[in-house]
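Report on the structure given below.
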Amino acid sequence: GRNGPLAKRKVVITAGGTQEPIDAVRVITNRSSGKQGYALAQAALDVGADVVLITAPTSLIPPYGAKVIKVRTAAEMLDAVLQETQDADVLIMAAAVADFRPRVAQSQKIKKEREIPSLELEATPDILVEVAERRAHLGYPRRVIGFAAESEDLLANAQSKLQRKRLDMIVANDISAQDAGFEVDTNRVTLLFADGRMETLPLMEKDKVAEAVIGHLITMLI
Ligand code: C5P
């Protein structure tokens with residue numbers, strides 16, 4: 001087995017941007033490199049956790065030692081998360097889940113020589129809301145951490161997500177800054193906790209942000 005403060009703890013982490021099919025070749029997705037989620041998986045491994053990384057498509061190499069489950073859509077990610085969190089200590093939802101998907105996906109490639117299609121969209125399931133409902137009955141996963149990527153009213157939006165999704169902690173990510181958020185190696189985050197505490201971290205490498213988040217997780221589990 002592994003050594004460290006999270007030895008024998010099962011930590012499930014999602015990463016990447018889900019892809020919702022329009023047709024055989026086209027998808028709707030979000031800008032997301034997966035870097036913050038993969039950094040969290042590495043940081044959890046480093047303190048001894050049993051890590052399950054549920055990942056939408058990214059160009060990254062998964063950290064050695066994690067169990068990796070590859071998914072594409074929000075629906076597939078929901079299935080994998082519900083399956084893996086039944087006996088998990090922690091869920092960290094770092095994935096950029098698409099909020100909308102085409103109501104029907106065409107099985108063939110839509111031809112541009114025909115008329116330009118219009119897309120009818122529907123909402124995807126909110127994975128954290130589904131997890132919160134099941135957790136209220138079963139008690140698992142024991143701790144849940146979410147992310148909020150916002151370009152305005154960062155803290156107010158993060159606070160309302162913390163409550164609505166019944167999280168223990170939310171990582172509020174300011175995506176209006178050039179040096180933070182999508183597709184870069186650094187992040188500027190504020191951590192908000194269910195008990196009202198708040199901690200703003202300076203601009204840091206995503207792996208340092210991950211270490212800070214996992215550090216708080218350790219104190220929440222002991
Ligand atoms: O509501 P919003 O998408 O801003 O919330 C962000 C948080 O919720 C992230 O932790 C994200 O992984 C999660 N999420 C989810 N299911 C969705 C959309 C977002 O679990 N359909």
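Numbering of ligands and ligand atoms starts at 1, following listing order.
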- [ ] Would you mind reporting whether R26 and P102 have side-chain heavy atoms less than 4.5 Å apart?
- [x] no

Task: G146: numbered ligand 1 atoms lying under 4.0 Å from its heavy atoms - done: 10 (O)

Task: Proximal ligand 1 atoms for A95, defined as those under 4.0 Å from one of its heavy atoms - done: 11 (C), 12 (O)

TODO: To the nearest 0.5 angstrom, please state how far the NZ atom of K8 sits from the CG atom of D89.
DONE: 12.0 Å

- [ ] Please indicate whether any nitrogen or oxygen in E150 is less than 3.5 Å from any nitrogen or oxygen in ligand 1.
- [x] no

Task: Value rounded to 0.5 Å, distance of CG in L167 from CZ in R135 - done: 8.0 Å

Task: Atom indices of ligand 1, in the order listed, that fall short of 4.0 Å to a heavy atom of D99 - done: 3 (O), 18 (C)

Open item on the list: When you compare ligand 1 with P125, is there at least one nitrogen or oxygen pair between them that comes in under 3.5 angstrom?
Closed with: yes

Task: Any N/O pair M93/ligand 1 closer than 3.5 Å - done: yes

Task: For atom 4 (O) of ligand 1, the protein heavy atom that lies nearest, with its residue and separation - done: K161 NZ, 2.4 Å

Open item on the list: Quick check for you: to the nearest 0.5 Å, what is the distance between K35 atom NZ and L40 atom CG?
Closed with: 14.5 Å

Task: Under 3.5 Å: N/O of F147 near N/O of ligand 1 - done: yes

Task: Numbered atoms and elements of ligand 1 in range of T124, under 4.0 angstrom, heavy atoms - done: 21 (N)

Task: From D50 atom CG to R9 atom CZ, the distance as rounded to the nearest 0.5 Å - done: 11.0 Å

- [ ] Output yes when a side-chain donor or acceptor of T85 lies under 3.5 Å from a complementary backbone atom of A88, and no otherwise.
- [x] no

TODO: May I ask you to check whether I127 has an N/O atom sitting below 3.5 Å from an N/O atom of ligand 1?
DONE: yes

Open item on the list: So does A94 get a backbone contact from the side chain of T14, meaning a donor-acceptor N/O pair under 3.5 Å?
Closed with: yes

- [ ] Could you tell me whether some N/O pair between L128 and ligand 1 is separated by less than 3.5 angstrom?
- [x] yes

- [ ] Answer yes or no: is there a donor N or O on one side and an acceptor on the other, between the side chain of N157 and the main chain of E152, under 3.5 Å?
- [x] yes

Task: K165 N/O under 3.5 Å from ligand 1 N/O - done: yes

